[in-house]
Student: 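Before I ask anything, here is the structure I am working with.
If you're wondering where the values come from, they're calculated on a predicted model, not measured in any experiment.
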Amino acid sequence: MTSRAPLSRKLSAIAESATLKVDAKAKALQAAGRPVISYAAGEPDFATPSFIVDAAAKALQDPKNYRYTPAAGLPVLREAIAAKTRRDSGLEVAPSQVIVTNGGKQSVYQAFQTVVNPGDEVLLPAPYWTTYPEAIALADGTPVEVFAGADQDYKVTVAQLEAARTDKTTVLVFVSPSNPTGSVYTPEETAEIGRWALEHGIWVITDEIYQNLTYEGVKAVSIVEAVPELAGQTILVNGVAKTYAMTGWRVGWMVGPADAMKLAGNLQSHLSSNVNNVAQIAAAAALNGPQDEAEQFRLAFDRRRKLIVSELSRIDGVQVPNPLGAFYVYPDVQGLLNRSWDGVTPTTSLELADLILEKAEVAVVPGEAFGPSGYLRLSYALGDDQLLEGIQRLQRLFS
């Protein structure tokens with residue numbers, strides 16, 4: 001009897017999301033009765049503002065929302081996204097240049113599918129969000145990591161990008177504020193990178209989902225605002241998940257040149273069709289409505305940011321660059337490696353994360369998920385009491 005044909009080689013090479021894996025493990029331990037504190041998931045602990053929920057409840061009463069709608073998104077939401085893009089990214093776009101997606105992850109996937117051809121090289125500044133290299137591989141591209149360490153505040157330079165560029169380079173991933181590091185490029189740094197990409201005809205995929213979460217008076221200047229001429233070769237990715245505590249609503253979007261959005265729209269028409277109509281109406285309410293609660297969320301994140309940076313910095317062997325955006329801290333923990341802690345000597349940040357979970361009952365994501373070993377990512381998007389208790393456990397473990 002002939003054996004079964006093999007599974008997809010392409011999908012077999014794709015790894016599970018490391019952040020979701022760690023978070024799932026933490027939740028399983030919590031369900032088993034262990035008092036695990038998790039810094040793994042990038043998910044605000046706040047409830048979605050009530051006016052957004054009310055808009056969704058009202059939408060549920062309208063039978064037209066029970067039907068198929070345009071695959072690219074509801075007109076009311078595409079118009080709201082175009083207005084937000086003009087307001088926050090400094091780019092004037094038509095609603096027709098907007099594709100509404102099932103969360104930011106789908107827009108990331110579709111962006112690479114739209115501009116990457118087999119064999120293309122994609123410059124990927126590291127540390128990077130764990131999904132990027134997998135999405136590049138699914139588009140038959142080759143991710144080329146360009147690493148910047150804590151000494152550079154995790155921000156790559158044009159010199160580094162140019163050193164990595166080859167005749168196969170077609171795309172640059174640009175993320176500011178960054179997941180996992182929280183780093184924000186200055187307007188001057190952003191403009192320099194944008195001019196370099198423009199000079200070499202390189203597409204830019206810029207993930208701006210954290211653009212409204214910045215601190216200390218810093219603004220995350222969009223690369224298309226810094227270099228307006230770059231708009232013809234840039235795809236902007238964004239969503240409501242982080243700013244409005246709407247991770248489970250699954251509404252993201254992509255914005256870009258009309259010809260690129262035509263391709264992305266064609267793909268989505270076959271891939272998923274329209275995003276849930278009720279969630280789209282809720283997202284439109286979020287973008288068009290009062291921003292007071294979103295600002296309160298940001299202020300709470302800022303308070304937690306200061307606390308976690310201050311407390312982590314008290315641990316000998318931990319170097320903590322000051323994050324100016326998003327809700328992550330990315331300490332350099334190489335000073336904790338190759339030392340004995342409660343009878344265990346970790347040699348990598350993966351081993352260190354396992355030690356921390358076992359001995360301190362704290363879940364963190366190791367640097368291997370985002371690039372080189374020697375780092376940990378901690379999200380401070382969790383309650384204040386848990387935030388402090390978890391860090392104090394680490395202080396006791398590494399005292």
Side-chain angles (χ1 to χ4, degrees), residues 15-48 53 103 105 129-131 179-180 182 241-242 244-250 297 300-301 303-318 320 326-331 333 336-337 339-370 373-399:
E16 178 184 1
S17 167
T19 53
L20 295 183
K21 183 177 181 180
V22 172
D23 189 55
K25 185 175 182 180
K27 288 175 179 175
L29 290 171
Q30 290 166 346
R34 292 184 62 177
V36 171
I37 293 175
S38 177
Y39 296 88
E43 182 171 44
D45 63 315
F46 309 113
T48 302
V53 178
K105 278 189 178 179
W129 181 40
T130 184
T131 292
N179 175 6
K242 312 300 183 177
Y244 301 99
M246 294 179 69
T247 52
W249 295 78
R250 308 313 301 142
F297 296 165
F301 288 140
R303 182 183 68 249
R304 296 170 182 179
R305 176 185 68 94
K306 293 171 182 174
L307 176 64
I308 197 169
V309 168
S310 172
E311 293 301 315
L312 280 175
S313 297
R314 294 174 58 187
I315 301 174
D316 182 46
V318 176
V320 192
F327 39 61
Y328 307 103
V329 64
Y330 201 71
V333 293
L336 298 178
L337 303 180
R339 297 167 64 182
S340 180
W341 305 106
D342 200 10
V344 179
T345 305
T347 60
T348 66
S349 50
L350 183 62
E351 293 175 358
L352 184 66
D354 286 340
L355 166 70
I356 289 170
L357 183 58
E358 180 60 32
K359 301 293 186 180
E361 296 186 310
V362 170
V364 297
V365 186
E368 285 86 344
F370 312 106
S373 181
Y375 305 85
L376 298 175
R377 191 195 79 169
L378 292 82
S379 167
Y380 49 87
L382 71 164
D384 293 53
D385 292 342
Q386 279 203 320
L387 178 74
L388 181 58
E389 167 62 23
I391 300 304
Q392 289 175 337
R393 292 183 189 181
L394 298 184
Q395 291 170 343
R396 289 192 292 269
L397 176 61
F398 297 119
S399 62

Student: Walk me through it: do S373 and T348 pass the test side chain to side chain donor-acceptor pair (under 3.5 Å)?
Tutor: CA-CA 6 Å; S373 181; T348 66; 4.7 Å; no
Student: Could you check V53 against W249 for side chain to side chain contact (heavy atoms under 4.5 Å, CB included), going step by step and ending with a plain yes or no?
Tutor: CA-CA 10 Å; V53 178; W249 295 78; 4.1 Å; yes
Student: Indicate yes or no: does E311 engage R304 in a salt bridge with an N to O separation below 4.0 Å.
Tutor: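 A salt bridge is absent here (no side-chain N lies under 4.0 Å from a carboxylate O).
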Student: Keeping S310 on the side-chain end and K306 on the backbone end, is there a donor-acceptor pair under 3.5 Å?
Tutor: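 No; zero donor-acceptor contacts below 3.5 Å.
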Student: Quick one: does Y39's side chain have a donor or acceptor within less than 3.5 Å of a partner on L382's backbone?
Tutor: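 Side chain of Y39 to backbone of L382, a donor-acceptor pair under 3.5 Å: no, none is there.
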Student: For a quick test of reading the model, state the closest non-hydrogen atom pair linking S379 to G42 and the distance between them.
Tutor: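 Reported closest heavy-atom pair: OG-CA, 4.1 Å.
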Student: From L387 CG over to Q392 CD, what is the distance, rounded to the nearest 0.5 angstrom?
Tutor: 10.0 Å
Student: Given 3.5 Å as the limit, does a donor-acceptor pair link the side chain of R393 with the main chain of E361, or not?
Tutor: yes
Student: Could you walk me through whether L376 and Y330 pass the side chain to side chain contact (heavy atoms under 4.5 Å, CB included) check?
Tutor: CA-CA 6 Å; L376 298 175; Y330 201 71; over 6 Å; no
Student: Step by step, would you call V362 with L357 a side chain to side chain contact (heavy atoms under 4.5 Å, CB included)?
Tutor: CA-CA 5 Å; V362 170; L357 183 58; over 6 Å; no
Student: Please check if the distance between the ring centroids of F301 and F46 is under 6.0 Å.
Tutor: yes
Student: What's the separation between atom CG in D45 and atom CZ in F327, rounded to the nearest 0.5 Å?
Tutor: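 Between atom CG of D45 and atom CZ of F327 there are 9.5 Å.
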Student: Minimum heavy-atom separation for G182 and A326, please, with both atom names.
Tutor: CA-CB, 4.3 Å
Student: Working to the nearest 0.5 Å, report the span between CG of L388 and CD1 of I391.
Tutor: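 So the CG of L388 and the CD1 of I391 are separated by 8.0 Å.
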Student: Grab the two heavy atoms, one from P331 and one from V318, that are nearest each other, plus how far apart they are.
Tutor: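 So the minimum-distance heavy-atom pair works out to CB-CG1, 3.6 Å.
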Student: Evaluate the ring-ring contact (aromatic ring centres under 6.0 Å, His included) criterion for residues F370 and W129: first the C-alpha distance (whole Å), next the side-chain angles of each, then the deciding distance (0.1 Å), finally the verdict.
Tutor: CA-CA 6 Å; F370 312 106; W129 181 40; 9.6 Å; no
Student: Do side-chain atoms of W341 reach the backbone of P346 as a donor and acceptor pair under 3.5 angstrom?
Tutor: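 Such a contact is absent between W341 side chain and P346 backbone.
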Student: To the nearest 0.5 angstrom, please state how far the CD1 atom of I37 sits from the CD atom of Q386.
Tutor: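 Spacing of CD1 (I37) from CD (Q386) equals 5.0 Å.
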Student: Heavy atoms only: give me the nearest S38-A40 pair and the separation to one decimal.
Tutor: OG-N, 3.2 Å
Student: Work out which heavy atom in L337 is nearest to a heavy atom in T347; give both atom names and the distance.
Tutor: CD1-O, 3.7 Å
Student: Identify which one of L307, V333, V320 satisfies the side-chain contact (heavy atoms from CB on, under 4.5 Å) criterion when paired with L312.
Tutor: V320
Student: Using the side chain to side chain contact (heavy atoms under 4.5 Å, CB included) rule, take S349 and E368 through it: C-alpha gap first, then chi angles, then the decisive distance, then the call.
Tutor: CA-CA 7 Å; S349 50; E368 285 86 344; 2.5 Å; yes
Student: Nearest 0.5 Å, what's the CZ-CG distance between R339 and D316?
Tutor: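 Atom-to-atom, R339:CZ and D316:CG are 5.5 Å apart.
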Student: Taking C-beta and beyond as the side chain, do F398 and L352 meet within less than 4.5 Å on heavy atoms?
Tutor: yes
Student: Applying salt bridge (charged side-chain N to carboxylate O under 4.0 Å, His left out) to K25 and E358, what does each step give before you reach the verdict?
Tutor: CA-CA 12 Å; K25 185 175 182 180; E358 180 60 32; over 6 Å; no
Student: If I take atom NZ from residue K242 and atom CD from residue E43, how far apart are they, to the nearest 0.5 angstrom?
Tutor: 7.5 Å
